[in-house]
Amino acid sequence: MAIDMLYFAWVREAIGCSEESVEPPANVDTVAGLIDWLAERGDGYATAFADRDRLHMAVNQEFSTPDAPLPANCEVAVFPPVTGG
């Protein structure tokens, strides 16, 4: 299952890229499982996903919860909360 990942703000800076295509193992079937798997890919990923309460995720451009299932060939965006004035 190929997943297009999009990273924004400090998540992008920690990982070192703004987008990539990944192919997690078959047992990764939720957003939380995907983040767990990504966090094991290296120091930048571990840093980006260390405090998951500070992150938002979207699957195919819809806000998502950690327990949401991953559809085949989807796009997952990871970003911090947006603030501004």
Side-chain angles (χ1 to χ4, degrees):
M1 167 173 58
I3 298 175
D4 292 328
M5 297 297 306
L6 302 174
Y7 307 114
F8 296 92
W10 54 262
V11 177
R12 174 187 61 225
E13 293 170 14
I15 292 172
C17 67
S18 60
E19 59 186 276
E20 66 180 329
S21 182
V22 299
E23 291 198 30
N27 65 332
V28 173
D29 58 359
T30 64
V31 171
L34 176 64
I35 298 303
D36 289 343
W37 178 74
L38 287 167
E40 296 175 355
R41 296 184 76 200
D43 291 341
Y45 292 92
T47 298
F49 301 128
D51 186 0
R52 296 172 195 181
D53 291 338
R54 294 179 59 207
L55 298 173
H56 290 291
M57 279 76 72
V59 176
N60 293 334
Q61 302 183 8
E62 299 276 336
F63 278 106
S64 180
T65 59
D67 61 345
L70 292 171
N73 302 318
C74 61
E75 174 191 87
V76 176
V78 182
F79 47 94
V82 177
T83 60

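What you see below is based on every heavy atom in this structure, not just the backbone, and it leaves out hydrogens, waters and symmetry mates.
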Thr30 to Pro66 - nearest heavy-atom pair and separation: CB-O, 3.8 Å

Closest non-hydrogen atom pair, Arg54 against Pro81: O-CD, 3.0 Å

My understanding is that only residues two or more places apart in sequence, or in another chain, count here; which of them pass side chain to side chain contact (heavy atoms under 4.5 Å, CB included) with Arg41? Glu20, Val22, Trp37, Leu38, Tyr45

Within the side chain of Asp4, is there an N or O that forms a donor-acceptor pair under 3.5 Å with the backbone of Ser21? no

Atom pair CD (Glu23) and CD1 (Ile3), whose distance is rounded to the nearest 0.5 Å: 9.0 Å

For the hydrophobic clusters of this structure (ILVMFWY residues joined by side-chain heavy atoms under 4.5 Å, transitively), does one cluster hold both Phe79 and Leu6? yes

Partners passing side chain to side chain contact (heavy atoms under 4.5 Å, CB included) against Asp67 (at least two apart in sequence or in another chain): Thr65

Does atom CG of Asp43 have more than 12 heavy-atom neighbours, drawn from other residues, nucleotides or ligands, at distances under 6.0 Å? no

Of all the heavy-atom pairs spanning Pro71 and Val59, show the shortest one and how long it is. CD-CG1, 3.7 Å

Does Phe63 belong to the same Ile/Leu/Val/Met/Phe/Trp/Tyr cluster as Ile35, with side-chain heavy atoms less than 4.5 Å apart forming each link? no

Within this structure, what is the OH-CG distance for the pair Tyr7 and Leu55, rounded to the nearest 0.5 Å? 11.5 Å

Could you grab the distance from atom OG of Ser18 to atom CE of Met5, nearest 0.5 Å is fine? 12.0 Å

Atom CD of Glu19 and atom CZ of Phe8: how far apart are they, to the nearest 0.5 Å? 8.5 Å

Least distance between heavy atoms, Leu70 atom then Met1 atom: O-SD, 4.0 Å

Can you measure from SG (Cys74) to CG (Leu34) and round to the nearest 0.5 angstrom? 7.5 Å

